[in-house]
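Just so it is clear: chains get the letters A, B, ... in the order the sequence lines come, proteins before strands, and each one is counted from 1. Just so we're clear, the structure is a prediction, and the values are computed from it rather than from any experiment.
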2 protein chains.
Amino acid sequence: MIYATQDIIDTLKGARAAKGLSQRALSKRTGIPQSHISKIESGGTDIRLSSLIELARALDLDLKLVPRKAVPAVDSVVRGTVPTVSATPAIRELNRTLEAIRNLSAVYPNLSELKQLRDGFHALKTLRDVGQKLGALRDIGKRIRGLQQTGSNLAKWGSPIEQSKAAHHEANIPAEHLQALRGAVSAVQNLRNRLVHTQPWQPSPPRPAYRLDDVGEDEDG
Amino acid sequence: MIYATQDIIDTLKGARAAKGLSQRALSKRTGIPQSHISKIESGGTDIRLSSLIELARALDLDLKLVPRKAVPAVDSVVRGTVPTVSATPAIRELNRTLEAIRNLSAVYPNLSELKQLRDGFHALKTLRDVGQKLGALRDIGKRIRGLQQTGSNLAKWGSPIEQSKAAHHEANIPAEHLQALRGAVSAVQNLRNRLVHTQPWQPSPPRPAYRLDDVGEDEDG
DNA sequence: ATCATTGATATGCTTTGCTATATCATTGTT
DNA sequence: AACAATGATATAGCAAAGCATATCAATGAT
């Protein structure tokens, strides 16, 4: 519709894409129907403030009213805080897999392999030349994502209800899944080693800690 | 309702107050009914994006989605750009009178006295100790505001329709009004002289920074 | 004491966001 | 070829925004 409206919508859309979230995934996070998200992103509706804030929150964005004259400075700061303006395919792929890992963590909490995986992917994100390994990233991501769609038993893994249910009586992971996870872990470590080897003077990763709900730390790169 | 919602609403409310705009004045600017603005400000409604942007635009605010990670920096920048956290009564009074001057300018365009008045008030805003002259400011403001409510002939001065109508066949100002305007001009100049005299080493163009309450005075000539 | 301004509310009415549930065409994967 | 994921669309119904118009109490100005 209006010019400023489209700007906001585009930001939402871009942030979602950068995080590797599908409309359905975002829908499950926010409780907003996918059909509605589609309508919003195509500019076909005049979204309400509560919905906007809900979407923004799920995308780690904060809605701010900034004085017009401060806008250039604010834009500059935002650009400075967020390394690259638009997410690279590699970053999108990383975030997408990170999301899958998060979903798996909801089903299998306290699984050290998942923690290692998440740690490894976070480390990968700090490496500048990760874009050169897009193929390998997609490969690993594919394997990990494959674990969450095993039949319909995990079909609704994204919904908060199922999450809490899963957290209660912890499911036991199939042996082959565990094996796949361990394979992924070593693949990630392998990949990282190769990348670090390429750029030996890379400073040690400034991300010491990670949180369980660390998706909030993902930046659209 | 939600925290973030209230934050936005409070900003709108504060910006309006800082500009010395009544709900009705803002209503005329935006086309949004005063009753609705009241409901919005009291948190009783889930405003739509288009309305929010419309209100923001009228208050010289811009709606931004900023990455959570960048929020502290953005807040800092905004705070740094806006020296006055909350508008002082003197600034509010100044903006309120500036608004009245703008309305009069819509009725009497090309009236040099109005231009002088606006310039004078603009200059006053740059003086740090203007707060000491609140009484005088109110006095002058009262006189100026008195000119816009002469009967109902100017009752709807705020609406865009009436503004454009007025711009077409330029009304001629009553003699006593012109005289009042000239009196106000010299009063403002007098006031500014006294203030400048009080602080002789005021740096020439302080132009320190922008203010939240600083109306975009440049737009309507 | 009269009158204008302000913000809060109310009412009737229309529009539209939002939900819930599906379907569909594309695309990519096995 | 079979299958899953994606985004776009559709329908029906409910709730709420939004508009227009008024009224009212409190405040302040003349």
Side-chain angles (χ1 to χ4, degrees), chain A residues 1 5 9 12-13 16-17 19-28 30-55 92-93 96-97 99-100 103 138-139 141-152 154-159, chain B residues 1 5 9 12-13 16-17 19-28 30-55 92-93 96 99-100 103 135 138-139 141-152 154-159:
Chain A
M1 273 211 177
T5 304
I9 297 303
L12 284 180
K13 203 169 173 178
R16 177 182 66 80
K19 279 184 179 290
L21 289 174
S22 70
Q23 289 182 345
R24 280 185 173 85
L26 185 57
S27 165
K28 280 169 182 162
T30 58
I32 298 172
Q34 176 266 329
S35 63
H36 198 217
I37 293 179
S38 169
K39 218 186 278 180
I40 289 169
E41 288 189 351
S42 55
T45 194
D46 192 359
I47 190 178
R48 289 185 194 163
L49 181 55
S50 64
S51 297
L52 175 56
I53 288 179
E54 188 63 30
L55 284 172
R92 281 207 306 271
E93 175 65 29
R96 194 177 157 187
T97 309
E99 168 74 6
N103 291 330
R138 284 207 220 270
D139 225 54
K142 230 177 285 184
R143 285 192 288 176
I144 296 175
R145 270 191 302 280
L147 301 183
Q148 62 181 14
Q149 93 224 11
T150 313
S152 56
L154 300 180
K156 299 246 180 272
W157 41 259
S159 79
Chain B
M1 2 197 101
T5 304
I9 297 304
L12 284 179
K13 204 169 171 177
R16 179 182 65 80
K19 280 182 180 289
L21 289 173
S22 70
Q23 289 182 345
R24 281 184 172 85
L26 184 58
S27 165
K28 280 169 182 162
T30 58
I32 297 171
Q34 176 266 329
S35 65
H36 197 217
I37 293 179
S38 171
K39 219 185 278 181
I40 289 169
E41 287 189 353
S42 54
T45 195
D46 192 0
I47 189 178
R48 289 181 194 168
L49 181 54
S50 64
S51 297
L52 175 56
I53 287 180
E54 188 61 32
L55 284 173
R92 281 206 306 271
E93 174 65 29
R96 195 177 155 187
E99 168 75 6
N103 291 330
R138 286 207 219 268
D139 224 55
K142 228 176 289 184
R143 284 193 287 177
I144 294 175
R145 270 189 304 280
L147 301 183
Q148 63 182 12
Q149 93 224 10
T150 314
S152 57
L154 300 181
K156 298 246 179 271
W157 40 260
S159 79

Can a donor-acceptor pair under 3.5 Å be found between the side-chain atoms of [X] and the base atoms of [N]?
X	N	result
Arg48(B)	dG17(C)	no
Gln34(A)	dA8(D)	yes
Ser35(A)	dT21(C)	yes

Please report the closest heavy-atom contact between [X] and [Y], naming both atoms and the distance.
X	Y	result
Ala100(A)	Arg145(A)	CB-CG, 3.6 Å
Leu49(B)	Thr5(A)	CD2-CG2, 3.5 Å
Arg16(B)	Glu41(B)	NE-OE2, 2.7 Å

Does Arg92(A) come within less than 4.0 Å of Glu99(A), counting only side-chain N to carboxylate O? no
Taking the nucleotide of DNA chain C with the closest heavy atom to each, which residue, Ile47(A) or Glu41(B), is nearer the 5' end? Glu41(B)
Closest-nucleotide ordering on DNA chain C, the 5'-leading residue of Lys142(A) and Gly31(A): Gly31(A)
In whole angstroms, how far is the [atom2] atom of [N] from the [atom1] atom of [X]?
X	N	atom1	atom2	result
Arg24(A)	dA22(C)	CZ	C1'	10 Å
Lys39(A)	dT21(C)	NZ	P	16 Å
Ile144(A)	dA5(D)	CD1	P	16 Å
Ile53(B)	dG18(D)	CD1	P	12 Å
Leu52(A)	dG17(C)	CG	C1'	14 Å
Arg145(A)	dC3(D)	CZ	P	21 Å
Ile40(A)	dG7(D)	CD1	P	14 Å
Asp46(B)	dA17(D)	CG	P	6 Å

Could you tell me the Watson-Crick or G-U partner of dT30(D), where both distances fall under 3.5 Å? Say none if there is no partner.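 Here dT30(D) is engaged in a pair, and the nucleotide opposite it is dA1(C).
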Answer with base, sugar-phosphate or nothing: what part of the nucleic acid does Arg16(B) contact at a heavy-atom distance below 4.0 Å?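 Sugar-phosphate only.
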Under 4.0 Å between any heavy atoms, over every strand shown, what does Ser38(B) touch: base, sugar-phosphate, or nothing? Just pick one.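 Answer is base: heavy atoms of Ser38(B) come under 4.0 Å of a base.
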Taking only side-chain N and O atoms of Ser51(B), does any of them lie within less than 4.0 angstrom of OP1 or OP2 on dG18(D)? yes
Distance test, side-chain N/O of Ser42(B) to OP1/OP2 of dA8(C), below 4.0 Å: no
Among dG18(D), dG7(C), dG17(C), the one nearest His36(A) by side-chain distance: dG17(C)
Contact check, side chains of Gln23(A) and Ser27(A), non-hydrogen atoms, under 4.5 Å: no
